[in-house]
Enquirer: 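Dropping the structure in here first, questions after.
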Amino acid sequence: MVHDSDRLSDLLSRRKFLSMSGTVGAVALAGCSSSGDDGDDGSTDNVDGGGDESADTDDTGGSDDADDGNDDSGNDASLSVWYSIGGDKGDLVATLAEEYGEETEGVALSSSHEGSYGETFDATLRGIRNNDPPALAHLNAVHTVPTYNSGSFQPIQSIIDDVNPDDYIGAALDYYRVGEDNQFMALPFNASSPVLMYNKDAFEEAGLDPEGEEYEPTFQEFRNVCEAIVDDAGFDSGATWGNITWFVENWFALQNQPFVNNENGRAEAPTEVNLDSDAAERFYTWWMDLYDDDLYQLSDSWGDARQAFVNQDAAMLIDSSSNIVAQRQAAEEAGYEMGLLEVPSSEETWAGALIGGGAMFVPRGIDDQTARAAGEFAKWVASPEQQARWHQGTGYYPVHKDSIEILEDDGWFEEQDGMRLAMDQLLDSEDTPATRGALIEDHGQVRDLLSNGADRMFDGEDVSSVLSDVKSDVDELLARSA
Amino acid sequence: MTRIELDGLVKEFDSLTAIDGVSLTIEDGEFLVLVGPSGCGKSTLMRTIAGLETPTEGDVVLDGTAVTDWEPKDRNVAMVFQNYALYPHMTARRNMTFGMNSVGSFTDEEIDRRVEETADILDIADLLDRKPAELSGGEKQRVAMGRALLRDPDVFLLDEPLSNLDAKLRDQMRAELQQLHKEIGTTTVYVTHDQTEAMTLGQRVAVMNDGEIQQVDSPQTLYDFPNTQFAAEFVGSPAMNVVPVLVEHAGDRWFATHEQFRVPLPSGEGLAERQFAMGVRPEDLHVVGESQHESAHIDGTVKVTEPQGDALLVHCRVGNDTLRVLTDSRASYEIGDSIGVNVDDRRVHLFDPDDGRTVYHSEGQQARTEAILE
Amino acid sequence: MSTIQRKEIFESKWQAALLVLPTLTVLAVFLYYPFVQTIDLALQETQLLGNAEYVGLSNFEQLLTSDRYRNSLWVTTWFAVLTVSGSLLVSTYLAFLIHETVRGSSWYLIAAIWPYALPMAVAGSILNFIFHPELGIFTNVLEVLFGVSLNWHVDGTQAFLLVSAATIWKGIGYNVIFLVAALGLVPESLDEAAKLDGIGRTQRLVRIYLPLISPTLVFLLIINSIRSFFGGFSLVDIMTGGGPNEATNLLIFNLYQDSFTYNQFGLGSAQSIVLFLVVSVLMYVQLKKVEKFAYYG
């Protein structure tokens, strides 16, 4: 499944499915006449064609942020943005969009939350099929290949050809580079990577340095810390995180081991998953040993893991950096102090963290003016000021390099203990095929196969035999979609 | 063989009192008929004996043992239901043996033998392999009887067992029941709303109304000396005439005076000068010939005639009341004819108009005692 | 006589056709057309944007050779057996208890029905919470009382049993409504006759009531079977997501995942046809074979 799915909107979409499966499943049992309606797909707030109602904005506000590349257009460009983040973070997205709409002349902007990344992707595909796509779709990193292969999206680099790729944090932008000309399909908006959050009070109780300065990010050291926490601080377990394959892919990147072959699928479509690598064996063995020795608590979902960390069942949590701000607040309310450390890796190599999160994609089938306006908006939300603000509100890393300066000037990193360290994991990342992350057509399905495999290991099956089973299943899948 | 004692039984359902203080003893081997209109509590009383209802107050005593709190199955009581309650998915044989097999206190051979015997008695040997749906009403009745008999119960309870049968079959079954009771001699309680059935079957008949037993007596006593106006009117067909009278004492004689006529009473025992309800059965009224008309007690006008085959029932208007008179079936009366009617003054009953109790039988207390002793 | 009359009701065939037309239209639009489309889709390999090519029966071939699908079939079979028999047993016993209750039986009836009235999504979320292996309020109780340690996020058997139990619990209300009504139609005198015969409660339930309510039981068997194939989706989706390691991957969930998560509509349509055939055959067998055991007065 796609990472960081919003639980409630997930449920809502399942309801939609239920009404649909009525037709698919019970169709010839003749009795049930419920029907899946595809009718409400594109009916969100996007207005077709050049709307003749101007957005009557006054241009007193700063038009300084956006490069005003579309001043020459006579009519307002009608710009619909579909995004995939809900909750407080989603409200911030809506606010950003609203502000942009107000302060930018010539653009009538409407934004709508379509659900999870997967749901936004589905909705966008339906929009394209019905010739009514949004101008901008906020999709997940794993959608890079499907959008490219479908031929129904235009690489955003071809629209905003005036940007300098070097302005953006390499690890964030590089994931979206695809194809022979290595163009980036999308402009990143929200970037995150796995980070290690820890309970400082627990560290102190366990006789460890609460500031974590002695901590080395290695598998062995991590295990030692877990043991100390369980033995000396009286915790049920040392650490927890969900059985989420994005984390596993991150451990591939950390050990500089491409997840799939063909340069992590960037040279050509991958045919093999590298589950037979030493890196895979090392990581899984370490993970299962932690579990078998009750040092690691398996969590079923993101929420479960966070809950266990807040309840102080576990003293360490591996989570998305996008959750730092919220998690720190939860820790405060629970009465302990939270710190940030590097995710451990093997001692052999350290290449860098894997990016996750989302980016702005532009579908085909919209006129050039709208596409340009979409590109400008994508640039604007990726601009140093907005990214600094976005980072402070959520914990997602800024994708623009200049944001860091703004944040430094603001004294943000002194205020947010450990944030800089977390960000350095990304900034210090080497640019290798492994750290760029894998490009796979059926990325979601591959992730599910791996998390099922991990389930089998937790259930006691042998690590290497499960890995070889899963590898053959994944390879079969890759062969099918190749 | 069992003697049943009911001691001050009361059964209340929420706001309704179904049995209102019944005490009654049913002797070992007796055939007692409980009769009363529907809703009088007779079925509830029987179900209380069976253990299907728990009394609110009072006790059920079988052979000196209070069984009030016992489960139905522990009382060794067999019951035949109005609708027979045959298990529709089982053959007649299975219906009869189901309980015995389940309880397990009989061996298979014993059960087989008893089924054969019972089937012989009831003449249902050919029907044993049929299911209830393939049986006629009378046949179902026999199977239901067979099921009850088979277990050799201490008490036999029959709840309106004949009411779903046609008239001819009912007569036949009635005779068979009597015959059967003579043969097996089990204490039997029989509930019916049909007073004819009650009179023909019972050694003793208990008349119930409004949750109370009005009278328990032999059929003839019940007929001749009803304890209450209710019993008097309920028993007998056609029903007893009841008209308001004023009892008067003139000279040394007592009279019951109606607005239209006056009947002399043989004695004044227990009487006072006041209003009573006078009861006289249709067969104790006689139409007098033309010649004796002058001497008749009552002058009436023919209102309706009902030929009954063996007799003719004449409804005649007397003042504001109507009297039913049984006459010779061959007599012919036209509506509107004026007739003279004599009252058999030995067969007059007087009821207290307030509580309905019988105050006076003109045949006297003496005769009544004799009747009971017969 | 009646046939003559029937002919005279309508003046012409056209009038009759006109009257049937609305129903036919609804059926055609919402049932027959989607069904035909499903068959059509099942023969194609679909890409993301609906570009598709005809691939004959290869979707079906893929299903037949897929371990994942075979496992899903197996899981669904067990799920159906367990939930249908469990649900019927528990509901019958509950209905019998309610039937026997003299006072306040309608309250018990309501209490038995309310889980059915609870939306699946809500029920699933609540169960997730109270049976959570680490945080659930029942988890400790179970451990203390029965020594069962809940670990269903990892243990496939436990997850399967939990989802099955939840499905049974959810379905009880529906069955109980029918069964209480059916039990109420059995003449009370039969029960009383049996009591007088000295037949115990269990025997009365098994030997008297069950045969007499068998038509209702057959009906519920069929409805429950259909539901077990199509209805387990919500709980699985909310509670286990088909896992751990596909231990709760019901056919309907597998179908959903392939179609809507992995965007393989062709494969999903093929599964929908397989599911339809499986259930059709099952219904046929049940109607032909089990119906014989039902007693219709």
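Below, chain A is the first sequence line, B the second, and so on; all start at residue 1.
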Enquirer: Can you tell which part of C:D258 gets under 4.5 Å to a heavy atom of chain A, answering side chain, backbone, both or neither?
Expert: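 The side chain, not the backbone.
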Enquirer: Flag the one option from A:D304, A:D236, A:L449 with the top tally of heavy-atom pairs under 4.5 Å to chain C.
Expert: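 Most pairs with chain C among the choices: A:D304.
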Enquirer: Find the distance between OG (A:S301) and NE2 (C:H153) and round it off to the nearest 0.5 Å.
Expert: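 Separation between the atoms: 7.5 Å.
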Enquirer: Any side-chain heavy atom of A:D473 sitting closer than 4.5 Å to one from C:R68?
Expert: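 No, side chains not in contact.
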Enquirer: Is the shortest heavy-atom distance from the side chain of C:Q264 to the side chain of A:Q445 under 4.5 Å?
Expert: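 A side-chain contact exists here, since the closest heavy-atom pair is under 4.5 Å.
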Enquirer: Of the non-hydrogen atoms in C:V154 and A:L298, which two are nearest, and what is the gap between them?
Expert: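 For C:V154 and A:L298, the tightest heavy-atom pair comes out as CG2-CD2, 2.9 Å.
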Enquirer: Relative to chain C, which segment of A:D459 carries a heavy atom at a distance below 4.5 Å: side chain, backbone, both, or neither?
Expert: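 Both parts, backbone and side chain.
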Enquirer: Pick one of side chain, backbone, both or neither for C:Q62, based on which atoms fall under 4.5 Å of a heavy atom in chain A.
Expert: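 Only the side chain of C:Q62 comes within 4.5 Å of chain A.
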Enquirer: Which heavy atom of C:E246 sits nearest to which heavy atom of A:N452, and what is that distance?
Expert: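 In this case the closest contact between C:E246 and A:N452 is OE2-ND2, 3.0 Å.
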Enquirer: Check each atom of A:E476 against the heavy atoms of chain C and say whether the ones under 4.5 Å are side chain, backbone, both or neither.
Expert: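 No part of A:E476 comes within 4.5 Å of chain C.
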Enquirer: Hey, could you give me the CG/OG1 distance between A:D442 and C:T261, rounded to the nearest 0.5 Å?
Expert: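 The CG atom of A:D442 sits 11.5 Å away from the OG1 atom of C:T261.
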Enquirer: Between chain A and each of C:N245, C:N151, C:N249, count heavy-atom pairs under 4.5 Å; write down the option with the most.
Expert: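 Among C:N245, C:N151, C:N249, the one with the most close pairs to chain A is C:N245.
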